[in-house]
Amino acid sequence: MQNHIARVALITPVRRLFDYLIPNENQPTLEAGMRVRVPFARGHKVGLVVEVTSQSEWTLAKLKAISDVLDDSPLFDTVNMQIRHWLGEYYMAPPGEAYMNLLPKKLKAGEPALLPSIEKWQANVDGKLLVTNQAKRQLALLDWMGQRQVSLVEVKQAGFSRDLLNKLQESQAISRVELRPEGSISKQVNYRDLGLTLLDEQQAAINRITAQLNQFKAILLQGVTGSGKTEVYIQAMAKALQQNQQVLVLVPEIGLTPQTLQRFAERFDSEIVVLHSELNDTERYLAWLKAKMGLARIVVGTRSAVLAPMPDLGLIILDEEHDISFKQQDSLRYNARDVAVKRAHLQQVPIVLGSATPSLESYYNAIQGRYLHLKLQQRAQQSQPPQPVVLDIKDQPLQDGLAPRVLDLMAKHLDAGNQVLVFLNRRGFAPALMCHECGWIYECQRCDHHFTYHQSPRQAQCHQCGEITPVPRQCHSCGSTQIIDWGVGTEKLEAFLKQRFEKTPPLRVDRDNIRGKGQLAQTLHEVKQGEHQLLIGTQMLAKGHHFPNLTLTVIVNLDNALYSADFRAIERMSQLLVQVAGRAGRGDKPGQVVLQSHHPEHSVINLVCQQNYEAVLSYLLQERQAMMLPPYQFWAVLRAEAHQPALVEQFCAQVTELLKPYLQHHYQQVILLPAFPAAQEKRAGKYRYLMVFESKQRNQLNAALKQLCQLIEAQKGLSQVRWLLDIDPQDIC
DNA sequence: AGCACGCCGACT
DNA sequence: GTCGGCGTGCTC
Ligand SMILES: [Zn+2]
Ligand SMILES: [Zn+2]
């Protein structure tokens, strides 16, 4: 009787594995990493075997037996099992979350981890004789097929119909064959060398990266806009692929565009397998399996792809490493960038983190020597991104947010036939509705936050919780009917610019106007072609695309960041400013970027405008050091919410008391700051509080948090309070 | 989480 | 007397 116990991870908030008896017939074959169906509570669940062992802390009589083994071989290699284990421990997630929940839906449901067979057709010997001479199309199809095995897709692409295939099959002129996808795995990927002349910096970067293949190294590739980072990725990838390795490319949510994929597709003669959030369950399942089986040599994906199984993984590229979409913002708040670095470490392969505006965390690691720091400071093309100019708008008469000088400038660029982008990060017509007589502001009852006034369609929207209401006719306080809108949103700007620049109607690009990836891609394409001379855009237009005919970018206002409670606000503002500036201009048409600000003297704004991002980073890093913020200390935050404020306050007080002795005696390096309400204390009817833990020692912080989870979960009377831990938080608002 | 168990108030 | 409210406990 050896190894007759399986320790299984199940999707449940319980922070432990569950032990099951392995039926005799499965004992020789069951391995860690296989899925099993097990009886659980009053039903059945699919789980993942994490360990096969001979011992259990439970009496054997209490153990149930596995009902079904669902896999013939493990779903993951050892490294993938290890990274999931690490993820669970680091982010304080129950094992079931890390091992099971971070799988495609279909695999969670227990569907087989097998790609379906590929259906193809093949002409039979003398099949032609079975077709009458009148059936011209059928004969044409037969001719076209020749001796090859062809798929339905190929047949349709060649202009033949499914019906023709069916007819041929009925007359037995052709037959259907089923091919197993495993049979067509080719680890060889042909690379198309375009014979490009690279800048010295690019070539040097490629050499440094490829020199690190087959060992762990984190590499920060800091390259200014237009310095040719992508070409560096591609040539480094080529080297790894040539060694029959797989490559994982991680990009921000917004960065996974057809253009991005096209750049890879035209250089590598191999399917680029995509894993992103807009795939449906089947597509994600199939892509995942292709990665697992090694059929996919290149996987391009967003956050969740960081855990894609890749048996021959040899290189990880993570582009726009500063992008916040790599950090999951609900339930299990992992940061794919940090998971990717850990994965590279476990797998002993290099990882390239690329950005024009690296995060302070990665930059700090680079200057500390933990990461290899490569820089691309020259531009590959002649284009010089425009140097932003700050326009002081103190005491300026603004018209719907725009200064007169800016309007004149816009007119000049539009008259010259060029494109102008007005960047305003505020959807809707106006950010508030107000009573003209008494100053009452229309607020969402669930959030205590002002409603945004939208005009198309006409309604009030809470941007905190999504609540939509009709626009009030009367003041709720004094009864006056003079309700006015206050401030400027993209809709109001659109209305104003429409009448101000009649000949060039503006196109508004925001979430309300452009729905989904398809429409955005279409719009971006049109803009690149030079259509739509005047553009109004939010965040959506800030990233990823270069518009050659765009010669003027106006940034209406980024001053909010300067007063924000969010400790990363200024860092984000700087990144945004650099990105927005990078949209404009080309060699023959140099661009211009104007930033309106009430604080033109602000150091960071000035450094960004001098295009000295290195100086921005040093400045911000110094500020973080002075205040002992990350990366100089590690942070974790406990977020708690309840329907009554007293419950959350009580929860925080209780947690503080419970943990106090542990912090005093075991975790002296961990400091718990006093609990405080969230910046937006009430949201969607819930009252929210935060408790920040800080420490210079990651291990102690982690251990203290583990203790904290145990204490909270052992405590009764807290069921009304929802809470979660956020490790390395993006913000503490 | 999801579900059963059990202990109290207010109904036919 | 019982119907159902939710606070508590358990899941190998
Ligand atoms: Zn609201
Ligand atoms: Zn009023």
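Each chain gets a letter, A, B and so on, in the order its sequence line appears, and its residues count up from 1. Hydrogens, waters and symmetry mates are skipped; everything else that's a heavy atom, side chains included, is used.
- At a non-hydrogen distance threshold of 4.0 Å, A:Val14, A:Arg16, A:Phe18, A:Asp19, A:Tyr20 from residues 10-23 of chain A come into contact with DNA chain C.
- Checked against C:dC12, C:dG7, B:dA4, the side chain of A:Leu63 finds its nearest nucleotide in C:dC12.
- Between A:Tyr90 and A:Tyr334, the ring centre distance reaches or exceeds 6.0 Å.
- A salt bridge is absent between A:Asp728 and A:Arg333: the closest approach of a Lys/Arg side-chain nitrogen to an acidic carboxylate oxygen does not fall below 4.0 angstrom.
- If you check every strand for non-hydrogen atoms under 4.0 Å, A:Glu57 touches nothing.
- Within 6.0 Å of CZ on A:Phe216 lie more than 12 heavy atoms contributed by other residues, nucleotides or ligands.
- A salt bridge links A:Asp71 with A:Arg35: the closest approach of a Lys/Arg side-chain nitrogen to an acidic carboxylate oxygen falls below 4.0 angstrom.
- Taking every side-chain heavy atom of A:Trp58 into account, C:dT11 is the closest of C:dT11, C:dG7, B:dA4.
- Rounded to whole angstrom, the span from the CD atom of A:Glu713 across to the P atom of C:dT8 amounts to 16 Å.
- For A:Lys716, no side-chain nitrogen or oxygen approaches OP1 or OP2 of C:dG7 to under 4.0 Å.
- Formation of a donor-acceptor pair under 3.5 Å by the A:Gln27 side chain with backbone atoms of A:Ile22 is found in this model.
- For the pair A:Arg698 and A:Phe634, the cation-pi test (distance below 6.0 Å, angle within 45°) is passed.
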